[in-house]
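What follows is a short report on a single structure.
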Amino acid sequence: MYIEVQKKLNSNEFEVVDVREVSEVAQGKIPGAIHIPLGLIEFRMNELDKNKTYVLVCHSGARSSRATQFLEYYGYNVINMQGGMMSWQGPTE
């Protein structure tokens, strides 16, 4: 999944939404990722554009899976990044 995400990030095919907690993101996130903690997705989903595609990421893929299901229900184009940041080998900011 890492290589697919990296290629598509480079082509601007989608944006990344990081659903981890503030303390986790402070240790590094995928460059340009939008940070919306899982607990705030319900209240901040209006910041996302239903015409765009988003890849959701967390530490291992479990929380981002829940966020993916939630946002899909409301009509967003979302993909869960399986393996999360544990599988990310690219740069972080």
Side-chain angles (χ1 to χ4, degrees):
M1 184 73 171
Y2 157 73
I3 293 170
E4 293 173 39
V5 171
Q6 186 65 48
K7 284 180 184 176
K8 290 182 179 188
L9 273 176
N10 293 338
S11 68
N12 293 321
E13 246 180 85
F14 58 75
E15 292 185 47
V16 175
V17 177
D18 194 320
V19 299
R20 295 176 298 155
E21 296 300 319
V22 173
S23 61
E24 293 172 289
V25 171
Q27 297 173 18
K29 68 179 178 81
I30 296 172
I34 301 163
H35 178 227
I36 304 176
L38 178 61
L40 298 178
I41 283 284
E42 177 182 2
F43 307 105
R44 293 185 53 196
M45 66 183 176
N46 63 330
E47 297 173 24
L48 304 175
D49 183 344
K50 287 187 177 181
N51 296 312
K52 290 185 178 181
T53 299
Y54 297 94
V55 170
L56 296 147
V57 64
C58 66
H59 178 70
S60 66
R63 285 175 284 176
S64 54
S65 176
R66 290 197 308 266
T68 298
Q69 291 172 356
F70 178 81
L71 291 171
E72 279 179 339
Y73 178 81
Y74 287 98
Y76 290 88
N77 298 311
V78 289
I79 302 165
N80 180 35
M81 188 171 119
Q82 296 176 356
M85 291 301 288
M86 288 176 50
S87 66
W88 180 253
Q89 298 172 13
T92 59
E93 61 178 22

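This is a predicted model, so every value here is computed, not measured.
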On a heavy-atom basis, which atom in Cys58 and which in Ala62 lie closest, and how many Å separate them?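 Scanning both residues, the minimum pair turns out to be SG-N, 3.6 Å.
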Ser65 versus Asn80, closest heavy-atom pair with distance: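 Answer, listing the atom of Ser65 first, then Asn80: N-OD1, 3.4 Å.
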Find out whether [X] and [Y] are in side-chain contact, i.e. whether some heavy atom of one side chain is under 4.5 Å from a heavy atom of the other.
X     : Y     : value
Val57 : Val19 : no
Leu38 : Leu40 : no
Ile30 : Met81 : yes
Pro37 : Arg44 : yes

Hey, could you give me the [atom1]/[atom2] distance between [X] and [Y], rounded to the nearest 0.5 Å?
X     : Y     : atom1 : atom2 : result
Tyr74 : Met45 : OH    : CE    : 5.0 Å
Ile41 : Arg63 : CD1   : CZ    : 11.5 Å
Leu48 : Leu71 : CG    : CG    : 6.5 Å
Ile36 : Ile34 : CD1   : CD1   : 6.0 Å
His59 : Trp88 : NE2   : CH2   : 15.5 Å
Leu56 : Tyr76 : CG    : OH    : 11.5 Å

With hydrophobic residues grouped by side-chain heavy-atom distances under 4.5 Å, do [X] and [Y] end up in a single group?
X     : Y     : value
Val55 : Tyr73 : no
Phe14 : Val78 : no
Phe43 : Val25 : no

Tell me whether Thr68 contacts the main-chain N or O of Ser64 through its side chain, where contact means a donor paired with an acceptor under 3.5 Å.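 The answer is yes, because a donor-acceptor pair under 3.5 Å joins these two groups.
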Thr53 and Ile79: CA distance, side-chain angles, deciding distance, side-chain contact (heavy atoms from CB on, under 4.5 Å) verdict: CA-CA 8 Å; Thr53 299; Ile79 302 165; 3.9 Å; yes
Sequence neighbours left out, what passes side chain to side chain contact (heavy atoms under 4.5 Å, CB included) with Asp49? Give chain and number order.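 Counting only residues at least two positions away or on another chain, Asp49 forms a side chain to side chain contact (heavy atoms under 4.5 Å, CB included) with Asn51, Lys52, Tyr54.
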Does anything in residues 25-41 pair up under side-chain hydrogen bond (donor to acceptor under 3.5 Å, both in side chains), and if so which pairs, sequence neighbours excluded?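 Listed by first then second residue: Lys29-Glu93.
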CA sep, side-chain torsions, deciding dist, call: Met85, Thr92, side-chain contact (heavy atoms from CB on, under 4.5 Å): CA-CA 10 Å; Met85 291 301 288; Thr92 59; 4.0 Å; yes
